[in-house]
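Below is one structure. I have some questions about it.
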Amino acid sequence: MAQLTYRDAVARGIAQEMARDEDVVFLGEDIAKAGGVFKATVGLLEQFGPLRVRDTPISEQAILGAAMGAAMTGLKPIAEIMFADFIAVCYDYIANEFPKSRYMTNGQVKCPLVVRVGNGGGARFGAQHSQSIENWVMQFPGLKVVAPSSPVDIVGLMAAAVRDPDPVIFIEHKSLYATTGEVPDGEIVDTLGTAKILRTGSDCTLIALGMMVPRALAAAERLQAEEGISCEVVDVRSLVPLDTQTILGSVARTHRVFTIEENPRVLGWGAEIVSIIADEAFYDLDGPPVRITTPNIPLPASDILEDLAIPSVGRIFETVLRSMRS
Amino acid sequence: MAKSPKQDRSVTAVVNDDISEAKRLEMFRAQVLMRQAEQRAFDLFLENLVKGTSHLSLGQEAIAAGVAAAMEPGDLSFCTYRGHAHTLARGVPVEKVLGELMGRDNGLMRGKGGSMHLTSVEHGVMGSYAIIGAHLPIACGAAWRAQYKGQSDVSVCFFGDGTTNIGAFHEALNFAVIWKLPVVFVCENNLYMEYTPISEVTAVEHPAADRASAYGLPRIIVDGNDADEVYRTMLEAFRKARSGEGPSLIECLTYRHSGHSRADPAKYRPEGELERWKLRDPLTIYKARLREFGVSEADMKAIEDDVKRVVDEATEACKAAPFTSTDILFTDVYADGGWAWRN
């Protein structure tokens, strides 16, 4: 068991899979010699060599297209799109190519690849380098989407993503790279499509993802300590496949639900989950589901403004308290 | 202004006997098959048996035939939405192609892809891509796999003149050159970007070849209506790719006899342009070539008749085939065979 940063867990997860399978290759901008702009891939070039860990030009379409062509013909590529926002310049592969190739060809074409992206705010990077792009990628049938919130989940879900026969978007949160957690020694392989209950509770369920997970846990702590409200915290982890059963099971026990989303309000992942709850667990509810999100605005750069925009521990605390008391 | 193909030919065909009669007859048969199958696709559309859209390669057959004749089994084709001819050229049965266009259960993808996405992995046809430029980087990736694994296959990527103005074209060329990938980019310059003359929207005269120098590649322009010229040029490109010398970019000059798609009567073409190009119909050129090398009219006619029989039989088989079964609506979204996105 070792304490590992979320950043070092990325390199460990990739290394575990590259050591296991020679067909796993890794490409992206500044990922090899520089070790990644977030220093999350340090040491991989030295360990696996320049044929398997390859720097690319600033050509996001070429990166994702090449990953797809390699995946179709027998490799298991991991591609990095540095900032998740840059998905917008290679969206054709996300929207039209990866997810549809198997279906359109009646199962002839396979596309087993992983696209890693640095997602989310909190780093004062402004509107084009801070977005939460979960809903940009989770809407396409054929794609899978995971967003780990801890070092151990990074390692285990990376293994699951690389070994999965479908294209997987692997969402890392930039503001979590420096956080640490316990990671067991040896091979770790997790399962896509599984949510985790990180804290059990009886009064309400907080459903969170990515950087909102530690904030939901901190808010739950305060709500218990200061107000005696017992919150269950569910880390969604995998948006596609979605572990609906864990979510519905929690709602059935607590009867109140809050989604805590970093994305702007409209069409966030929480809207889909709330819609499922409304359809399938309406009579379990003792009150309306509440979505706690970034307002529907671009993210500002200033620390004061960005902190106001993204759900904070204080905002989660107050929103839950107000709803539970009303 | 319409270009004369003669003026654009910077490489003159050298007529000699470096191509065997068997290879020439193979290329002739391929061109006849593509011509007849495409005409049949159009007829079936008029009978309302082909739905949706289709983009025909009538007039462009020599490129598909010449490239395919130079390919080895195991080489990979990446095609566009104008991909019927390239699919047939790799040996995919006519029935499978027409069946796909007609939404029948005997179709290549059982009707799930349609005209613009013909794919037959077993024949090395790795897909027909309907988003302009998308498949150039994908072909690079397949070539990267060959390079990484030490495999000898080459990836060929076909695209139209219009593709040369999209970003993915430039990203893919740079990428293929810096990684020295075994990929051959084949631009089919039919003078029109959909409905607009390519010359009106492009900074250079030759949309592909004039960009080659930006990527350190030689400027290669061939007569795309002469299968022999295409074949010879491709042999050299394949040799280069297989010997680790990297990619090639080849601009083939041609002309489509029909509109961009089935909805396009091509009224934007200047008077007489189509007629001038029909004088240089790939089949007319090739029959003259075969005569020159002593192939009899009777032998050519026998090939044409046999192809007609094949296309007729395929048409009847498709008309008799059941429509796609509805149980495949939900299959193959994910690798487990199904479509479940939640538990």
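Proteins come first, then strands; the chains are lettered A, B, ... in the order of their sequence lines, and each starts at number 1.
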Between N343(B) and P241(A), is any pair of side-chain heavy atoms under 4.5 Å apart?
-> no
Taking side chain as everything from C-beta outward and backbone as N, CA, C, O, which of these in L143(A) sits under 4.5 Å from a heavy atom of chain B? Side chain, backbone, both or neither.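 Just the backbone, heavy atoms under 4.5 Å.
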Practice task
Tell me, for D243(A) versus chain B, whether the close heavy atoms (under 4.5 Å) come from the side chain, the backbone, both or neither.
Solution key: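 The answer is both parts of D243(A).
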message: Looking at chain A, which one of A130(B), C140(B), A134(B) has the largest number of heavy-atom pairs inside 4.5 Å, strictly under?
response: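 Going by pairs under 4.5 Å, I would pick A134(B).
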Exercise for review: Establish, from distance only, whether the side-chain atoms of R102(A) and Y334(B) form a donor-acceptor pair under 3.5 Å.
Suggested key: no
For A66(A) and F175(B) the tightest heavy-atom approach is CB-CE2, 3.7 Å
Okay, E22(A) and chain B: the region with an atom under 4.5 Å from a heavy atom over there is both
Turns out that what part of Q108(A) lies under 4.5 Å from chain B's heavy atoms comes down to both
So, taking the atom named NE2 in H135(B) and the one named CD in E97(A), what distance separates them when rounded to the nearest 0.5 Å?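 It comes to 9.5 Å.
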Separation between OG1 (T119(B)) and CG (N106(A)), nearest 0.5 Å, reads 10.5 Å
Report task. Answer yes when K149(B) and D23(A) have at least one side-chain N-carboxylate O distance shorter than 4.0 Å, and no when they do not. Result -> yes
All heavy atoms of P137(B) vs all of Y93(A), minimum pair found to be CG-OH, 3.3 Å
